[in-house]
Number of protein chains: 2
Amino acid sequence: MAIRGRPRGFNRDAALARAMEVFWAKGYEATQLADLVSAMGINPPSFYAAFGSKEKLFREAVDIYLTTVGSGTMKMLMETANAPEAIRAMLTASVGIALSNPGTGGCMVALGLVNCQLQNAELRAHMEALRQATVALIKRRLEHGVAAGDLPGAIDVDGLAMYFAMVIQGLSLQAQDGATRDDLLRIVSTAMAALEHARSV
Amino acid sequence: MAIRGRPRGFNRDAALARAMEVFWAKGYEATQLADLVSAMGINPPSFYAAFGSKEKLFREAVDIYLTTVGSGTMKMLMETANAPEAIRAMLTASVGIALSNPGTGGCMVALGLVNCQLQNAELRAHMEALRQATVALIKRRLEHGVAAGDLPGAIDVDGLAMYFAMVIQGLSLQAQDGATRDDLLRIVSTAMAALEHARSV
DNA sequence: CCCAATCTGTAATTTCAATTACAAAAAGCA
DNA sequence: TGCTTTTTGTAATTGAAATTACAGATTGGG
(Lines give C-alpha, C1' and ligand atoms only; values in the text may rest on other atoms or scores of the structure.)
Protein backbone atom coordinates (compact mmCIF):
# COMPACT_ATOMS: atom_id res chain seq x y z
CA MET A 1 0.00 0.00 0.00
CA ALA A 2 1.08 3.52 -0.73
CA ILE A 3 1.81 6.24 1.83
CA ARG A 4 -1.24 7.50 3.62
CA GLY A 5 -1.96 11.06 4.67
CA ARG A 6 -1.02 14.47 3.44
CA PRO A 7 2.37 14.43 1.73
CA ARG A 8 5.26 16.43 3.13
CA GLY A 9 5.44 19.84 1.51
CA PHE A 10 9.22 20.18 1.48
CA ASN A 11 12.28 18.19 0.54
CA ARG A 12 13.75 16.68 3.67
CA ASP A 13 17.25 16.32 2.24
CA ALA A 14 17.31 19.88 0.96
CA ALA A 15 16.11 21.18 4.30
CA LEU A 16 18.76 19.15 6.06
CA ALA A 17 21.42 20.61 3.79
CA ARG A 18 20.27 24.14 4.71
CA ALA A 19 20.30 23.26 8.38
CA MET A 20 23.81 21.90 8.06
CA GLU A 21 24.98 25.19 6.64
CA VAL A 22 23.44 27.10 9.50
CA PHE A 23 24.97 24.83 12.13
CA TRP A 24 28.31 24.98 10.36
CA ALA A 25 28.18 28.76 10.25
CA LYS A 26 27.12 29.39 13.84
CA GLY A 27 27.82 26.27 15.90
CA TYR A 28 25.29 24.17 17.75
CA GLU A 29 24.46 26.32 20.74
CA ALA A 30 24.49 29.69 19.04
CA THR A 31 22.04 28.38 16.43
CA GLN A 32 18.43 28.79 17.35
CA LEU A 33 15.35 27.11 16.02
CA ALA A 34 14.23 30.33 14.43
CA ASP A 35 17.43 30.40 12.35
CA LEU A 36 16.93 26.81 11.31
CA VAL A 37 13.27 26.88 10.37
CA SER A 38 13.81 30.14 8.55
CA ALA A 39 16.68 28.70 6.50
CA MET A 40 14.79 25.47 5.92
CA GLY A 41 11.64 27.30 4.85
CA ILE A 42 9.36 25.38 7.19
CA ASN A 43 7.49 25.88 10.45
CA PRO A 44 8.30 24.38 13.85
CA PRO A 45 5.73 21.55 13.72
CA SER A 46 7.08 20.35 10.37
CA PHE A 47 10.54 20.61 11.83
CA TYR A 48 9.78 18.44 14.83
CA ALA A 49 7.80 15.94 12.82
CA ALA A 50 10.65 15.47 10.38
CA PHE A 51 13.73 15.75 12.60
CA GLY A 52 12.69 15.14 16.20
CA SER A 53 14.69 17.83 17.95
CA LYS A 54 17.47 20.33 17.53
CA GLU A 55 20.00 17.82 18.81
CA LYS A 56 18.89 15.03 16.48
CA LEU A 57 19.01 17.40 13.55
CA PHE A 58 22.52 18.44 14.52
CA ARG A 59 23.67 14.83 14.54
CA GLU A 60 22.20 14.34 11.08
CA ALA A 61 23.80 17.57 9.95
CA VAL A 62 27.20 16.41 11.15
CA ASP A 63 26.71 13.14 9.32
CA ILE A 64 26.07 14.80 5.99
CA TYR A 65 28.82 17.31 6.68
CA LEU A 66 31.23 14.41 6.96
CA THR A 67 30.00 12.67 3.84
CA THR A 68 29.91 15.84 1.74
CA VAL A 69 32.10 18.73 2.88
CA GLY A 70 34.43 16.76 5.10
CA SER A 71 35.03 13.72 2.95
CA GLY A 72 37.52 15.56 0.77
CA THR A 73 40.17 15.87 3.45
CA MET A 74 40.11 12.19 4.32
CA LYS A 75 40.10 11.28 0.67
CA MET A 76 43.21 13.39 0.15
CA LEU A 77 44.80 11.80 3.17
CA MET A 78 44.18 8.23 2.12
CA GLU A 79 44.56 8.50 -1.63
CA THR A 80 47.57 10.73 -2.11
CA ALA A 81 50.58 8.58 -2.88
CA ASN A 82 53.46 9.93 -0.81
CA ALA A 83 52.77 10.20 2.95
CA PRO A 84 54.06 13.74 3.49
CA GLU A 85 52.23 14.82 0.34
CA ALA A 86 49.10 13.15 1.67
CA ILE A 87 49.34 15.12 4.91
CA ARG A 88 49.88 18.34 3.01
CA ALA A 89 46.94 17.61 0.75
CA MET A 90 44.75 16.95 3.79
CA LEU A 91 45.78 20.22 5.42
CA THR A 92 45.30 22.16 2.20
CA ALA A 93 41.83 20.69 1.86
CA SER A 94 41.14 21.70 5.47
CA VAL A 95 42.07 25.26 4.62
CA GLY A 96 39.56 25.21 1.80
CA ILE A 97 36.85 23.93 4.08
CA ALA A 98 37.63 26.37 6.86
CA LEU A 99 37.31 29.25 4.41
CA SER A 100 34.15 27.92 2.78
CA ASN A 101 32.29 28.06 6.07
CA PRO A 102 29.22 30.14 5.24
CA GLY A 103 29.55 32.06 8.48
CA THR A 104 32.44 32.72 10.78
CA GLY A 105 34.94 30.23 9.41
CA GLY A 106 36.36 26.89 10.46
CA CYS A 107 35.54 23.20 10.42
CA MET A 108 32.20 22.06 11.79
CA VAL A 109 33.64 19.04 13.56
CA ALA A 110 36.40 21.09 15.15
CA LEU A 111 34.30 24.05 16.29
CA GLY A 112 30.66 23.03 16.10
CA LEU A 113 30.40 22.46 19.83
CA VAL A 114 33.01 24.13 22.05
CA ASN A 115 32.36 25.27 25.62
CA CYS A 116 28.98 23.64 25.86
CA GLN A 117 26.64 23.39 28.82
CA LEU A 118 26.44 20.26 30.92
CA GLN A 119 23.20 19.26 29.27
CA ASN A 120 25.02 18.89 25.95
CA ALA A 121 27.95 16.90 27.28
CA GLU A 122 26.86 13.78 25.44
CA LEU A 123 26.68 15.58 22.14
CA ARG A 124 30.10 17.04 22.79
CA ALA A 125 31.46 13.57 23.43
CA HIS A 126 30.12 12.55 20.05
CA MET A 127 32.05 15.33 18.35
CA GLU A 128 35.15 14.44 20.31
CA ALA A 129 34.87 10.84 19.13
CA LEU A 130 34.76 12.06 15.55
CA ARG A 131 37.93 14.06 16.11
CA GLN A 132 39.61 11.04 17.67
CA ALA A 133 38.67 9.08 14.58
CA THR A 134 40.54 11.65 12.51
CA VAL A 135 43.62 11.23 14.68
CA ALA A 136 43.43 7.47 14.19
CA LEU A 137 43.13 7.89 10.44
CA ILE A 138 46.15 10.18 10.28
CA LYS A 139 48.12 7.74 12.38
CA ARG A 140 47.24 4.88 10.05
CA ARG A 141 48.32 6.93 7.05
CA LEU A 142 51.65 7.72 8.68
CA GLU A 143 52.20 4.07 9.53
CA HIS A 144 51.49 3.21 5.96
CA GLY A 145 54.01 5.83 4.93
CA VAL A 146 56.62 4.26 7.17
CA ALA A 147 55.88 0.83 5.72
CA ALA A 148 56.14 2.25 2.21
CA GLY A 149 59.43 3.96 2.97
CA ASP A 150 58.04 7.50 2.63
CA LEU A 151 59.01 8.17 6.23
CA PRO A 152 61.79 6.87 8.49
CA GLY A 153 60.83 4.05 10.81
CA ALA A 154 61.95 5.94 13.89
CA ILE A 155 59.31 8.67 13.73
CA ASP A 156 56.70 9.11 16.47
CA VAL A 157 53.52 8.36 14.56
CA ASP A 158 51.28 8.92 17.59
CA GLY A 159 52.81 12.27 18.32
CA LEU A 160 52.69 13.35 14.70
CA ALA A 161 49.07 12.26 14.35
CA MET A 162 48.07 14.34 17.36
CA TYR A 163 50.14 17.21 16.05
CA PHE A 164 48.41 17.29 12.68
CA ALA A 165 45.00 16.95 14.29
CA MET A 166 45.97 19.95 16.42
CA VAL A 167 46.93 21.83 13.26
CA ILE A 168 43.51 21.19 11.72
CA GLN A 169 41.82 22.53 14.83
CA GLY A 170 44.16 25.49 15.05
CA LEU A 171 43.53 26.36 11.41
CA SER A 172 39.82 26.51 12.15
CA LEU A 173 40.32 28.97 14.97
CA GLN A 174 42.63 31.06 12.83
CA ALA A 175 40.00 31.11 10.12
CA GLN A 176 37.47 32.36 12.65
CA ASP A 177 39.90 35.10 13.55
CA GLY A 178 39.90 36.31 9.99
CA ALA A 179 42.99 34.66 8.51
CA THR A 180 43.09 34.74 4.72
CA ARG A 181 43.72 31.80 2.43
CA ASP A 182 47.27 32.99 1.96
CA ASP A 183 47.76 33.15 5.75
CA LEU A 184 46.43 29.66 6.26
CA LEU A 185 48.46 28.14 3.45
CA ARG A 186 51.57 29.72 4.87
CA ILE A 187 50.74 28.17 8.23
CA VAL A 188 50.31 24.81 6.52
CA SER A 189 53.68 25.07 4.88
CA THR A 190 55.26 25.93 8.20
CA ALA A 191 53.44 23.08 9.90
CA MET A 192 54.76 20.66 7.30
CA ALA A 193 58.27 21.35 8.54
CA ALA A 194 57.52 18.81 11.28
CA LEU A 195 57.53 16.09 8.66
CA GLU A 196 60.37 17.53 6.64
CA HIS A 197 62.39 17.42 9.81
CA ALA A 198 61.22 13.89 10.66
CA ARG A 199 62.26 12.74 7.21
CA SER A 200 65.74 14.11 7.62
CA VAL A 201 66.37 12.58 11.08
CA MET B 1 34.76 62.10 54.31
CA ALA B 2 34.56 58.37 54.78
CA ILE B 3 32.36 55.96 52.85
CA ARG B 4 28.68 56.19 53.67
CA GLY B 5 26.20 53.35 53.90
CA ARG B 6 26.40 49.70 54.69
CA PRO B 7 29.77 48.25 53.78
CA ARG B 8 30.09 45.52 51.17
CA GLY B 9 29.94 42.12 52.81
CA PHE B 10 32.39 40.36 50.50
CA ASN B 11 35.81 40.89 48.99
CA ARG B 12 35.40 42.17 45.46
CA ASP B 13 38.80 40.96 44.28
CA ALA B 14 38.31 37.50 45.73
CA ALA B 15 34.88 37.25 44.13
CA LEU B 16 36.34 38.35 40.82
CA ALA B 17 39.01 35.67 41.07
CA ARG B 18 36.33 33.02 41.61
CA ALA B 19 34.35 34.35 38.67
CA MET B 20 37.43 34.22 36.49
CA GLU B 21 37.86 30.55 37.31
CA VAL B 22 34.27 29.79 36.38
CA PHE B 23 34.50 31.68 33.09
CA TRP B 24 37.81 30.00 32.34
CA ALA B 25 36.37 26.59 33.06
CA LYS B 26 33.15 26.93 31.09
CA GLY B 27 33.49 29.80 28.64
CA TYR B 28 31.41 32.96 28.53
CA GLU B 29 28.14 31.75 27.09
CA ALA B 30 27.96 28.41 28.87
CA THR B 31 28.47 30.16 32.19
CA GLN B 32 25.27 31.29 33.82
CA LEU B 33 24.69 33.81 36.56
CA ALA B 34 23.72 31.04 38.94
CA ASP B 35 27.18 29.48 38.50
CA LEU B 36 28.85 32.80 39.08
CA VAL B 37 26.96 33.99 42.13
CA SER B 38 27.26 30.53 43.64
CA ALA B 39 31.02 30.46 43.17
CA MET B 40 31.33 34.05 44.34
CA GLY B 41 29.21 33.42 47.42
CA ILE B 42 26.91 36.36 46.79
CA ASN B 43 23.40 37.07 45.55
CA PRO B 44 22.35 38.62 42.25
CA PRO B 45 21.75 42.16 43.58
CA SER B 46 25.23 42.28 45.10
CA PHE B 47 26.55 40.94 41.83
CA TYR B 48 24.94 43.64 39.71
CA ALA B 49 25.83 46.38 42.17
CA ALA B 50 29.49 45.39 42.15
CA PHE B 51 30.05 44.30 38.56
CA GLY B 52 27.30 45.75 36.39
CA SER B 53 26.54 42.80 34.17
CA LYS B 54 27.75 39.40 33.09
CA GLU B 55 29.58 40.92 30.16
CA LYS B 56 31.37 43.57 32.22
CA LEU B 57 32.40 40.92 34.71
CA PHE B 58 33.77 38.80 31.90
CA ARG B 59 35.90 41.66 30.65
CA GLU B 60 37.28 42.17 34.13
CA ALA B 61 37.86 38.44 34.45
CA VAL B 62 39.82 38.38 31.20
CA ASP B 63 41.89 41.29 32.44
CA ILE B 64 42.95 39.54 35.62
CA TYR B 65 43.41 36.30 33.71
CA LEU B 66 45.95 38.07 31.55
CA THR B 67 47.78 39.67 34.45
CA THR B 68 47.84 36.51 36.55
CA VAL B 69 47.49 33.21 34.72
CA GLY B 70 48.40 34.42 31.27
CA SER B 71 51.33 36.66 32.08
CA GLY B 72 53.69 33.70 32.43
CA THR B 73 53.63 32.81 28.75
CA MET B 74 54.44 36.31 27.59
CA LYS B 75 57.11 36.63 30.26
CA MET B 76 58.71 33.42 28.98
CA LEU B 77 58.48 34.72 25.45
CA MET B 78 60.08 38.06 26.12
CA GLU B 79 62.62 37.13 28.77
CA THR B 80 64.09 33.87 27.54
CA ALA B 81 67.42 34.54 25.89
CA ASN B 82 67.53 32.52 22.69
CA ALA B 83 64.59 33.09 20.32
CA PRO B 84 63.76 29.43 19.60
CA GLU B 85 64.10 28.70 23.32
CA ALA B 86 61.80 31.60 24.06
CA ILE B 87 59.17 30.19 21.73
CA ARG B 88 59.49 26.78 23.27
CA ALA B 89 59.23 28.24 26.77
CA MET B 90 56.10 30.11 25.75
CA LEU B 91 54.50 26.99 24.33
CA THR B 92 55.47 24.93 27.37
CA ALA B 93 53.92 27.54 29.60
CA SER B 94 50.79 27.40 27.44
CA VAL B 95 50.58 23.69 28.02
CA GLY B 96 50.72 24.25 31.76
CA ILE B 97 47.94 26.81 31.55
CA ALA B 98 45.78 24.68 29.30
CA LEU B 99 46.01 21.82 31.79
CA SER B 100 45.42 24.00 34.83
CA ASN B 101 42.05 25.07 33.53
CA PRO B 102 39.73 24.20 36.41
CA GLY B 103 37.15 22.80 34.02
CA THR B 104 37.39 21.45 30.53
CA GLY B 105 40.87 22.57 29.62
CA GLY B 106 42.41 25.22 27.43
CA CYS B 107 43.30 28.90 27.46
CA MET B 108 40.63 31.42 28.38
CA VAL B 109 41.62 33.86 25.67
CA ALA B 110 41.69 31.17 23.01
CA LEU B 111 38.43 29.43 23.91
CA GLY B 112 36.49 31.72 26.21
CA LEU B 113 34.17 32.89 23.47
CA VAL B 114 33.86 30.69 20.39
CA ASN B 115 30.70 30.39 18.28
CA CYS B 116 28.91 33.24 19.97
CA GLN B 117 25.55 34.77 19.17
CA LEU B 118 25.28 38.00 17.24
CA GLN B 119 24.52 39.92 20.42
CA ASN B 120 28.01 39.08 21.72
CA ALA B 121 29.89 39.96 18.57
CA GLU B 122 31.52 42.98 20.19
CA LEU B 123 32.83 40.93 23.07
CA ARG B 124 34.15 38.38 20.62
CA ALA B 125 35.98 41.13 18.77
CA HIS B 126 37.60 42.09 22.04
CA MET B 127 38.92 38.55 22.51
CA GLU B 128 40.11 38.48 18.93
CA ALA B 129 42.04 41.69 19.47
CA LEU B 130 43.78 40.11 22.45
CA ARG B 131 44.78 37.15 20.30
CA GLN B 132 46.08 39.49 17.62
CA ALA B 133 48.16 41.19 20.28
CA THR B 134 49.74 37.83 21.02
CA VAL B 135 50.59 37.35 17.38
CA ALA B 136 52.20 40.78 17.32
CA LEU B 137 54.23 39.97 20.41
CA ILE B 138 55.49 36.71 18.94
CA LYS B 139 56.40 38.48 15.76
CA ARG B 140 58.38 41.08 17.65
CA ARG B 141 60.24 38.38 19.56
CA LEU B 142 61.14 36.61 16.32
CA GLU B 143 62.36 39.85 14.79
CA HIS B 144 64.47 40.40 17.84
CA GLY B 145 65.83 36.87 17.39
CA VAL B 146 66.76 37.66 13.82
CA ALA B 147 68.50 40.83 14.90
CA ALA B 148 70.36 38.92 17.60
CA GLY B 149 71.42 36.24 15.17
CA ASP B 150 69.36 33.48 16.82
CA LEU B 151 67.45 33.04 13.59
CA PRO B 152 68.40 33.48 9.95
CA GLY B 153 67.37 36.76 8.37
CA ALA B 154 65.45 35.05 5.59
CA ILE B 155 62.71 33.56 7.76
CA ASP B 156 59.07 34.55 7.39
CA VAL B 157 58.42 36.16 10.76
CA ASP B 158 54.80 36.96 9.96
CA GLY B 159 54.08 33.41 8.92
CA LEU B 160 55.87 31.96 11.90
CA ALA B 161 54.09 34.27 14.31
CA MET B 162 50.71 33.19 12.95
CA TYR B 163 51.85 29.60 13.04
CA PHE B 164 52.77 29.69 16.73
CA ALA B 165 49.58 31.53 17.61
CA MET B 166 47.75 28.74 15.83
CA VAL B 167 49.67 26.21 17.89
CA ILE B 168 48.60 27.87 21.13
CA GLN B 169 44.99 27.74 20.02
CA GLY B 170 45.29 24.17 18.81
CA LEU B 171 46.85 23.09 22.09
CA SER B 172 43.84 24.49 23.91
CA LEU B 173 41.43 22.46 21.81
CA GLN B 174 43.54 19.35 22.27
CA ALA B 175 43.49 19.92 26.02
CA GLN B 176 39.71 20.12 25.88
CA ASP B 177 39.71 16.82 24.06
CA GLY B 178 41.51 15.18 26.94
CA ALA B 179 45.15 15.31 25.85
CA THR B 180 47.61 14.66 28.67
CA ARG B 181 50.62 16.77 29.59
CA ASP B 182 52.83 14.27 27.84
CA ASP B 183 50.69 14.46 24.71
CA LEU B 184 50.81 18.24 24.64
CA LEU B 185 54.52 18.45 25.27
CA ARG B 186 55.11 16.03 22.44
CA ILE B 187 53.01 18.24 20.21
CA VAL B 188 55.08 21.23 21.28
CA SER B 189 58.30 19.46 20.42
CA THR B 190 56.91 18.54 17.03
CA ALA B 191 55.71 22.08 16.48
CA MET B 192 59.16 23.41 17.26
CA ALA B 193 60.48 21.62 14.20
CA ALA B 194 59.20 24.61 12.23
CA LEU B 195 61.91 26.72 13.82
CA GLU B 196 64.56 24.03 13.80
CA HIS B 197 63.93 23.83 10.12
CA ALA B 198 64.02 27.58 9.70
CA ARG B 199 67.34 27.74 11.48
CA SER B 200 68.89 25.20 9.18
CA VAL B 201 67.68 26.81 5.95
C1' DC C 1 19.35 59.35 68.33
C1' DC C 2 17.81 60.12 63.72
C1' DC C 3 18.80 60.56 58.77
C1' DA C 4 20.86 59.61 54.45
C1' DA C 5 23.42 56.29 51.93
C1' DT C 6 24.52 51.80 50.51
C1' DC C 7 24.36 46.90 50.78
C1' DT C 8 21.85 42.32 51.30
C1' DG C 9 18.30 38.52 50.78
C1' DT C 10 13.99 36.98 48.96
C1' DA C 11 11.23 36.88 45.44
C1' DA C 12 9.60 38.62 41.45
C1' DT C 13 9.81 40.07 36.52
C1' DT C 14 11.23 39.96 31.88
C1' DT C 15 12.85 38.02 27.97
C1' DC C 16 13.75 34.69 24.89
C1' DA C 17 14.17 30.19 22.89
C1' DA C 18 12.61 25.20 22.49
C1' DT C 19 8.75 22.63 22.06
C1' DT C 20 3.79 21.41 21.57
C1' DA C 21 -1.78 21.96 21.01
C1' DC C 22 -5.03 22.19 17.91
C1' DA C 23 -7.74 22.77 14.09
C1' DA C 24 -7.61 22.90 9.11
C1' DA C 25 -5.72 20.84 4.81
C1' DA C 26 -4.44 17.10 1.71
C1' DA C 27 -3.80 12.71 0.47
C1' DG C 28 -5.28 7.27 0.03
C1' DC C 29 -8.81 3.79 0.68
C1' DA C 30 -13.49 1.82 1.05
C1' DT D 1 -18.54 10.47 -0.73
C1' DG D 2 -16.99 9.42 4.07
C1' DC D 3 -13.08 7.72 6.93
C1' DT D 4 -8.35 7.42 8.30
C1' DT D 5 -3.82 9.15 8.24
C1' DT D 6 -0.36 12.51 8.06
C1' DT D 7 1.20 17.33 7.36
C1' DT D 8 0.72 22.26 7.94
C1' DG D 9 0.14 27.05 10.00
C1' DT D 10 -1.07 29.83 13.87
C1' DA D 11 -0.67 30.49 18.30
C1' DA D 12 0.18 28.92 22.66
C1' DT D 13 3.01 26.81 26.41
C1' DT D 14 6.98 25.69 28.92
C1' DG D 15 11.21 26.43 30.89
C1' DA D 16 15.29 28.57 31.78
C1' DA D 17 18.30 32.39 32.41
C1' DA D 18 19.46 37.46 33.03
C1' DT D 19 18.07 41.20 35.48
C1' DT D 20 15.51 44.03 38.84
C1' DA D 21 11.88 45.50 42.91
C1' DC D 22 11.59 46.04 47.34
C1' DA D 23 11.92 45.84 52.08
C1' DG D 24 15.11 45.14 55.78
C1' DA D 25 19.92 45.71 57.53
C1' DT D 26 24.16 48.24 58.49
C1' DT D 27 27.03 51.93 58.44
C1' DG D 28 28.73 57.19 58.90
C1' DG D 29 27.35 62.01 59.77
C1' DG D 30 24.84 65.57 62.18
Side-chain angles (χ1 to χ4, degrees), chain A residues 1-16 18-19 22-23 25-61 103 112-113 115-124, chain B residues 1-16 18-19 22-23 25-61 103 112-113 115-124:
Chain A
M1 55 177 150
I3 299 144
R4 302 287 300 273
R6 178 173 174 173
R8 180 174 284 150
F10 63 97
N11 183 317
R12 192 183 190 280
D13 292 337
L16 177 55
R18 294 290 130 65
V22 177
F23 276 132
K26 314 183 74 162
Y28 178 69
E29 296 198 302
T31 298
Q32 43 200 59
L33 252 316
D35 300 326
L36 292 169
V37 296
S38 162
M40 298 162 97
I42 61 179
N43 288 308
S46 301
F47 173 90
Y48 283 95
F51 298 102
S53 70
K54 183 180 165 186
E55 174 178 342
K56 285 182 184 163
L57 174 65
F58 183 71
R59 288 175 185 269
E60 282 200 59
L113 189 47
N115 282 333
C116 67
Q117 336 234 161
L118 274 183
Q119 75 204 74
N120 294 321
E122 200 176 332
L123 190 53
R124 195 197 179 289
Chain B
M1 54 179 148
I3 298 146
R4 301 290 299 272
R6 179 174 176 172
R8 180 174 284 149
F10 63 98
N11 182 317
R12 192 183 189 280
D13 292 337
L16 177 55
R18 295 291 130 65
V22 176
F23 276 132
K26 314 181 72 160
Y28 177 70
E29 296 199 301
T31 298
Q32 42 199 61
L33 253 316
D35 300 326
L36 292 168
V37 295
S38 162
M40 298 163 98
I42 59 177
N43 288 308
S46 300
F47 174 90
Y48 282 96
F51 298 102
S53 69
K54 182 181 164 186
E55 174 178 342
K56 284 182 184 161
L57 174 65
F58 183 71
R59 288 175 185 268
E60 282 200 56
L113 189 48
N115 282 333
C116 67
Q117 334 232 161
L118 273 183
Q119 75 204 75
N120 295 321
E122 200 176 332
L123 190 53
R124 195 198 179 288

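Every chain is numbered from 1, with letters handed out A, B, ... down the list of sequences.
What separates CZ of B:Arg4 from P of C:dA5 is a distance of 7 Å, to the nearest Å. Rounded to whole angstrom, the span from the CZ atom of A:Phe10 across to the C1' atom of C:dA26 amounts to 15 Å. Rounded to whole Å, atom P of C:dC16 lies 14 Å from atom CG of B:Leu118. Rounded to an integer number of Å, the gap from B:Glu29 CD to D:dA18 P is 11 Å. Atom CZ of A:Phe47 and atom C1' of C:dT19 are 10 Å apart (whole Å). As a whole-Å value, the separation of A:Gln119 CD from C:dA18 C1' is 11 Å. The OH-P distance, from B:Tyr48 to D:dA21, rounds to 12 Å in whole Å. Rounded to an integer number of Å, the gap from CD1 of B:Ile3 to P of D:dT26 is 18 Å.
Nearest heavy-atom pair, B:Leu113 versus B:Asn120, reported as atom, atom and distance to 0.1 Å: CD2-O, 4.2 Å. In this structure, A:Ala61 and A:Phe23 approach most closely via the heavy-atom pair CB-CD1, 3.9 Å. Minimum interatomic distance between A:Ala19 and A:Leu57 (heavy atoms only, all atoms of both residues): CB-CD2, 3.7 Å.
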Quiz: residues 6-14 of chain A side-chain donor-acceptor pairs under 3.5 angstrom, not counting sequence neighbours:
{"from": "A:Asn11", "atom 1": "OD1", "to": "A:Asp13", "atom 2": "N", "distance (Å)": "2.8"}
{"from": "A:Asn11", "atom 1": "OD1", "to": "A:Ala14", "atom 2": "N", "distance (Å)": "3.0"}
{"from": "A:Arg12", "atom 1": "NE", "to": "A:Ala50", "atom 2": "O", "distance (Å)": "3.4"}
{"from": "A:Arg12", "atom 1": "NH1", "to": "A:Glu60", "atom 2": "OE1", "distance (Å)": "3.1"}
{"from": "A:Arg12", "atom 1": "NH2", "to": "A:Ala50", "atom 2": "O", "distance (Å)": "2.9"}
{"from": "A:Arg12", "atom 1": "NH2", "to": "A:Glu60", "atom 2": "OE2", "distance (Å)": "2.8"}

Indicate every side-chain donor-acceptor pair of residues 30-42 of chain A with a distance under 3.5 Å to a residue at least two apart or in another chain.
{"from": "A:Thr31", "atom 1": "OG1", "to": "A:Gly27", "atom 2": "O", "distance (Å)": "2.6"}
{"from": "A:Asp35", "atom 1": "OD2", "to": "A:Lys26", "atom 2": "NZ", "distance (Å)": "3.2"}
{"from": "A:Asp35", "atom 1": "OD2", "to": "A:Gln32", "atom 2": "N", "distance (Å)": "3.1"}

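Interatomic distance, A:Tyr28 OH to A:Arg59 CZ, rounded to the nearest 0.5 Å: 8.5 Å. Summarising the geometry, atom CG belonging to A:Leu16 is positioned 10.5 Å from atom CZ belonging to A:Arg18; distances are rounded to the nearest 0.5 Å. Atom CZ of A:Arg124 is separated from atom CD of A:Glu29 by 10.5 Å, given to the nearest 0.5 angstrom.
Shown for residues 50-59 of chain A: no residue has heavy atoms falling under 4.0 angstrom of DNA chain D. Residues of residues 32-40 of chain A that place a heavy atom closer than 4.0 Å to DNA chain C, in numerical order, are A:Gln32, A:Leu33.
Each of B:Gln117 and B:Gly9 was assigned the nucleotide of DNA chain C with the nearest heavy atom; the assignment lying further toward the 5' end belongs to B:Gly9.
Atom CD of B:Gln119 has more than 12 heavy atoms from other residues, nucleotides or ligands within 6.0 Å.
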What string of B, S and - do you get for nucleotides 9-14 of chain D 5' to 3' if you count protein non-hydrogen atoms under 4.0 Å?
BB----
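Among residue pairs with one or both ends in residues 42-54 of chain A, none qualify as side chain to side chain donor-acceptor pair (under 3.5 Å); sequence neighbours excluded.
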